[in-house]
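Worksheet: the structure to be examined is printed underneath.
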Amino acid sequence: MSLSLDKLRLLRRQAGDATPAPAGERIKAAEGAPPAADTGVATPNETVGADRRPTHATALPAAANDARARTPAPASVFAWVEQEIRHKPTGAASSMPVAPAPALRTPDVGSLHRLLGLRGRGSAAAPAPRANAQDRHVPGEEIAPGLFLIESFLPQPIPTQPLSLAFAKREGDQVQPQDLMFFDTETTGLAGGTGTRAFMIGAADWHAHPEQGEGLRIRQLLMTTMAAETAMLREFAGWLQPTTVFSSYNGRCYDAPLLKTRYRLARQRCPITPLDHVDLLFPTRRRYRGTWENCRLATIERQLLQIVREDDLPGSEAPAAWLNYLRGGSAVNLRRVAEHNHQDVVTLSLLMLRLVAEEQRARETLALQGE
């Protein structure tokens with residue numbers, strides 16, 4: 001909507017604006033411009049009172065007019081609007097081209113995907129490996145896409161007698177040594193829940209190898225992609241028999257429930273629920289509580305079994321090591337996780353034999369004292 005100077009002057013009179021008109025308008029009024037219609041409101045050129053005759057300003061020299069024109073107008077809405085109207089470009093000036101806004105930088109989708117750890121699809125080029133990702137070697141043999149099997153064998157004699165579970169307050173219960181499966185998992189987090197999954201399952205059992213003889217067989221499943229979980233769960237279920245007895249360290253409260261949840265989410269039959277489970281944490285606490293600073297497995301194996309680990313990666317750092325590998329990082333710490341898991345299941349077999357021996361010695365001592 002356009003607004004002329006005449007309409008603006010009329011609005012100023014109706015609103016009672018006390019801002020003096022510009023010098024050019026006052027000079028024109030002094031030269032004989034017809035007075036505006038009387039609106040009943042005193043304007044800046046009228047005298048308030050009974051006599052409302054306009055008092056015309058006298059003509060000023062040109063220098064005074066220029067100086068007064070250069071003087072900034074008082075702070076008034078009407079003065080500002082009038083200044084905008086006077087200085088509004090017209091004609092060719094108003095049709096001057098406006099400089100285009102600077103173009104927005106196109107985001108680098110590849111960098112964003114690498115930051116979020118996403119993989120490209122289709123024929124898109126794979127992201128460049130990180131500077132610290134030269135070592136991507138994963139131990140073991142790939143038995144399914146993204147699933148590796150790590151096997152080792154420790155020659156040792158297999159116990160010839162059934163092992164009593166009296167140390168676990170299971171009087172009269174015995175288990176055949178070759179039915180025991182010592183297992184431990186490495187997970188993506190320590191909080192549990194449906195968002196946590198096991199990326200490594202380690203298991204050890206006494207086995208008579210046709211070539212290497214008797215010993216402890218250690219098998220570890222490591223998945224290097226999220227999609228390999230289904231194959232890992234299916235492979236682990238194939239290791240179990242109806243007579244298998246699990247043995248773990250706090251596995252009854254953490255590892256076993258976690259695997260049960262993963263089997264349920266993968267829509268596979270859970271092979272863990274119908275099997276027996278001997279958790280070594282609780283009998284260890286009953287026997288050695290207060291003897292050392294805590295009853296963590298690393299403390300027990302150092303104090304009780306005289307096993308000292310070298311360059312061991314703490315279990316709390318295992319999730320970060322696996323996620324770093326998944327995002328293109330080095331496999332050095334992932335191999336250290338496998339070594340940590342390997343030692344855990346070996347320690348469980350030694351701890352089982354030690355608890356059985358300690359319980360038998362304690363019972364023999366009580367029998368001699370009773371005599």
Side-chain angles (χ1 to χ4, degrees), residues 150-170 173-186 200-209 212-221 239 244-256 275-315 318 336-364:
I150 309 169
E151 291 185 293
S152 58
F153 191 81
L154 297 179
Q156 57 181 253
I158 300 176
T160 57
Q161 300 294 327
L163 302 179
S164 172
L165 300 181
F167 69 91
K169 294 189 177 298
R170 296 175 54 173
D173 288 351
Q174 293 181 339
V175 58
Q176 295 294 331
Q178 292 179 317
D179 289 339
L180 282 169
M181 176 168 284
F182 308 96
F183 85 105
D184 183 52
T185 64
E186 305 298 334
M200 176 178 285
I201 303 176
D205 60 340
W206 280 298
H207 177 70
H209 195 276
Q212 302 182 20
E214 296 183 349
L216 190 67
R217 176 179 57 179
I218 299 99
R219 291 174 290 180
Q220 297 169 276
L221 292 172
W239 296 353
T244 298
V245 177
F246 285 116
S247 182
S248 65
Y249 203 80
N250 198 34
R252 181 182 291 275
C253 298
Y254 183 77
D255 300 87
L275 301 180
D276 194 6
H277 194 147
V278 181
D279 198 321
L280 303 182
L281 172 63
F282 306 106
T284 303
R285 280 180 176 174
R286 284 193 299 267
R287 181 172 293 274
Y288 299 107
R289 178 179 294 169
T291 305
W292 302 296
E293 63 272 19
N294 56 58
C295 288
R296 295 175 54 198
L297 185 60
T299 304
I300 295 299
E301 69 180 7
R302 183 177 66 252
Q303 300 291 347
L304 184 64
L305 305 175
Q306 284 73 50
I307 298 175
V308 180
R309 303 194 186 195
E310 297 181 0
D311 192 30
D312 181 63
L313 185 73
R336 295 175 64 193
V337 172
E339 294 172 1
H340 174 90
N341 181 265
H342 176 278
Q343 184 59 53
D344 279 349
V345 294
V346 172
T347 298
L348 289 176
S349 65
L350 298 176
L351 181 59
M352 166 71 83
L353 295 178
R354 183 60 179 266
L355 291 175
V356 171
E358 290 287 344
E359 181 68 21
Q360 184 178 0
R361 187 179 300 111
R363 290 176 179 269
E364 291 176 354

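Along the sequence shown, residues are numbered consecutively beginning with 1. Owing to the predicted nature of the structure, the values given are computational and were not obtained by experimental measurement.
- Asp312 and Gln343 form no side-chain donor-acceptor contact under 3.5 Å, judged by distance and modelled atom types alone.
- Residues Glu358 and Arg361 are paired through a salt bridge, judged by an N-O separation under 4.0 Å between the basic side chain and the carboxylate.
- Note that CH2 of Trp206 is 7.0 Å distant from CG of Leu216, once rounded to the nearest 0.5 Å.
- Across all non-hydrogen atoms, the minimal contact from Pro283 to Leu355 is CG-CD1, 4.4 Å.
- With salt bridges taken as basic N to acidic carboxylate O contacts below 4.0 Å, one links Glu359 and Arg287.
- Listed here is the closest heavy atom pair of Asn341 and Gly202: OD1-CA, 3.1 Å.
- Inter-residue side-chain proximity for Tyr249 and Ile300 is flagged as met; some heavy-atom pair is nearer than 4.5 Å.
- In this structure, the separation between CZ on Phe167 and CG on Asp173 is 10.5 Å, given to the nearest 0.5 Å.
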Practice task
Could you please spell out the steps behind the side chain to side chain contact (heavy atoms under 4.5 Å, CB included) verdict for Gln161 and Val356?
Solution key: CA-CA 11 Å; Gln161 300 294 327; Val356 171; over 6 Å; no

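- Proximity of a side-chain donor or acceptor of Glu214 to a complementary backbone N or O of Ile158 within less than 3.5 Å is detected.
- You'll find the side chain of Leu221 reaches within 4.5 Å of the side chain of Trp239, heavy atoms only.
- With rounding to the nearest 0.5 angstrom, the CG atom of Leu280 is 12.5 Å from the SG atom of Cys295.
- Panel note: side chain Arg354, backbone Leu304; a donor-acceptor pair is recorded below 3.5 Å.
- Rounding to the nearest 0.5 Å gives a distance of 10.5 Å between CG of Leu297 and CG of Asn250.
- The shortest heavy-atom contact between Asp279 and Ser248 is OD1-O, 3.5 Å.
- When all heavy atoms of Ala256 and Phe183 are compared, the pair lying nearest together is N-CZ, 4.3 Å.
- Side-chain contact between Leu353 and Leu163 is present, with at least one heavy-atom pair separated by less than 4.5 Å.
- The closest donor-acceptor contact from the side chain of Gln212 to the backbone of Phe153 lies at 3.5 Å or more, if one exists at all.
- In this structure, Arg219 and Met181 have side chains that are in contact, with non-hydrogen atoms separated by less than 4.5 Å.
- Aromatic ring orientation, His277 versus Phe246: tilted (interplanar angle from 30° to 60°).
- Residues Leu350 and Ile307 meet the side-chain proximity criterion, which asks for heavy atoms closer than 4.5 Å.
- Side-chain atoms of Gln220 and His342, non-hydrogen and from C-beta on, do get closer than 4.5 Å to each other.
- Distance CG/Asp184 to OG/Ser247: 11.0 Å, rounded to 0.5 Å.
- Between Thr347 and Arg309, the closest side-chain pair of non-hydrogen atoms falls below 4.5 Å.
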Practice task
Please test Leu154 against Val346 for side chain to side chain contact (heavy atoms under 4.5 Å, CB included), starting from the C-alpha separation and ending with a verdict.
Solution key: CA-CA 9 Å; Leu154 297 179; Val346 172; 3.8 Å; yes

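- By the 4.0 Å N-to-carboxylate-O rule, Arg302 lies close enough to Glu293 to be salt-bridged with it.
- The minimum heavy-atom distance linking Pro177 with Pro159 is given by the pair CG-O, 3.4 Å.
- Residue Gln303 qualifies as enclosed at atom CD: its count of foreign heavy atoms under 6.0 Å is above 12.
- Without hydrogens or angle criteria, Asp255 side chain to Thr185 main chain gives a donor-acceptor distance under 3.5 Å.
- Side-chain atoms of Arg170 and Asp276, non-hydrogen and from C-beta on, do get closer than 4.5 Å to each other.
- Shown here is Arg296, whose CZ atom has no more than 12 heavy atoms of other residues, nucleotides or ligands within 6.0 Å.
- Heavy atoms only, all atoms of each residue included: Ser164 and Gln174 are closest at CA-CG, 4.2 Å.
- One finds the OG1 atom of Thr244 at 11.5 Å from the CD atom of Gln178 (value rounded to the nearest 0.5 Å).
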